[in-house]
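Inspection log for the structure reproduced underneath, given as structure tokens.
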Amino acid sequence: MAMRWLSRLAAADAVPVFPVVGENGLAAAENLFLDPRLRPVPSPRHARVLLVLGETGQTLNRQLRRLHDQLSHPRATLWCDAVPDPDFGRATESSDTADAVVEAYRSMFAGAMDTEPDIHPNEPPNEWRGKGTNGQGGDGMMGGTPYGRPMAMTDDDLRDGLQLDAYSATFGPFLPAFPPGLALDITLQGDSIQAVSVSHPPFRQETDHSRTGSLRNLARLLRVLGVPALAARFIAAARKLEDGGTIDLDVLARAFDWSGAMHIIPSDLGSFGGEGRDVRSRVRAWLNIARGRQEPAPLGQPALSFVDLVKGLEWYEAVIVLNSFDNNALRNLCPVENTDDQTEEAPQ
Amino acid sequence: MPALIRILTMALIAGVFSAAILALSLKSTLPITEPQKVPFVGGGAPQTHAWQRYHVRFYSMTLLFISFEMEMMFMYPWAVVYVQEGIKAMVEMGMFLTILSIGILYGWREGVFKWQ
């Protein structure tokens, strides 16, 4: 009885949704999460519903399937403006996505809908392999190849040359802190980025250089800066303007100033091509465009490559830099250096 | 005795609630599957094991902080006997703070306050 009561209580809560944003799905996702019945969560382990908004393409299917299996049970997948994978989930109309998500969530807790089973088998991707007869020994900190992943080996730290372990992974393409679709092969030492290359560029989005586009860009940056409530206000303002309404943008700009967001951004971060082209200046430009005080201007050809911009930064700085460009500018900065097949050499 | 009974009663109530919550959590927890054990990096895959050594770069700042915590611990009993002991206590505390200050200056020169 207690369990039924807890299930009813959980079903009445806002639905924890992990959004997977594909081509041209970003604005729709942002608008969708203005609905208080839905709650975006930062990882699949927090989510009960996987919501795919827009086409993600066949090349990233393996990553999407891996993500699906990381959701907690009970779980459901909904596909909006995308062709569903035959193995999991079902399609829904974009006009009633929020209703469909809530219905699926409540059906699961009411027992009317079964959880989606795992796609991958419930076993380690590889056996523990070492040099010894019992799997012991080998190179690295403890030796061996636990479950197909070698132990980290030492490497020079860029900052001071300390020989410490380097951690390499493909981050993205569905990492909430990154623009949708962007996948980077990164080698980290602690929180410092030692090496980076692009394995998948961001998805195309309907880039809008108008006032509303700037508001949405600011909202994305605010979210990664840890000010989600203000980000939601910016999205709501953009939506109201798109619907033909009016809004006092000076009030929003003051809220931005008072949030302290500008002070979180280190000065001269992500600067390229001369003075006044760092993250803070890009943010100020967005604020001015949103308030109608400045005309949108193309970013121009950067003097630095994307790798030069991010290499050597700490993780939080790199995330801020990535979110300080609009989608088109970031796509121009991100030449793909690795194919998708190369990024999938690692075990699941 | 009545106080002991009240304590035991509260302990019993707390124990019953704790046991109920524990039982519910055990019943509702599903085992973590192997795909769920993989670190979440946004759909991508780690190429090396997550078990690794990294440099805790704030450790020197932490050590300095702890030493000053200890200093405060010495200051409380010192404040109690200060009136009785007078100038002698004053000089002793002065020496103690001087030694600590030299440590700070040394740490400052070595860059421990610079966040890396």
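In the text below, chain A, chain B and the rest are named by the order of the sequence lines, each starting its count at 1. All values below were derived from every heavy atom in this structure, side-chain atoms included, with hydrogens, water molecules and symmetry-related copies excluded. Being a predicted model, the structure only gives us computed values, none of them experimental.
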In terms of heavy-atom proximity below 4.5 Å to chain B, should [X] be classed as side chain, backbone, both, or neither?
X	result
A:A166	backbone
A:P180	neither
A:L64	neither
A:I119	neither
A:F178	neither
A:S192	neither

[X] to [Y] - nearest heavy-atom pair and separation:
X	Y	result
B:P39	A:Q70	O-NE2, 3.9 Å
A:A169	B:P46	CB-CA, 3.6 Å
A:L67	B:G43	CD1-N, 4.0 Å
A:P173	B:G44	CD-N, 4.4 Å
B:V41	A:L175	C-CD1, 3.7 Å
B:Q36	A:D69	CG-O, 3.3 Å

Counting only heavy atoms not in [X], do more than 12 sit closer than 6.0 Å to its [atom1] atom?
X	atom1	value
A:D114	CG	no
A:Q58	CD	no
B:Y106	OH	no
B:F96	CZ	yes
B:M90	CE	no

* Report the option among A:T187, A:L184, A:L164, A:V20 that has the most heavy-atom pairs separated by less than 4.5 Å from atoms of chain B. =>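 Among the listed options, the one with the most contacts to chain B is A:L164.
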
* **A:S168 side-chain N/O to B:Q47 backbone N/O, donor-acceptor pair under 3.5 Å** =>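 Not confirmed, A:S168 side chain does not pair with B:Q47 backbone.
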
* Measure from the side-chain N and O atoms of A:N122 to the backbone N and O of B:E34, and report whether any donor-acceptor pair falls under 3.5 Å. =>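 Yes, the answer is positive, given that a donor and an acceptor are paired below the 3.5 Å cut-off.
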
* Do B:V38 and A:H120 touch side chain to side chain, with heavy atoms closer than 4.5 Å? ->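 Sidechains of A:H120 and B:V38: no contact.
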
* May I ask you to check whether A:F171 and B:F40 place their ring centers less than 6.0 Å from one another? =>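 No - the distance between ring centres of A:F171 and B:F40 does not fall below the 6.0 Å cut-off.
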
* Asked: After noting the C-alpha distance and the side-chain angles of B:I32 and A:R45, does the key distance pass the side-chain contact (heavy atoms from CB on, under 4.5 Å) rule?
  -> CA-CA 10 Å; B:I32 297 173; A:R45 287 302 303 278; 4.1 Å; yes

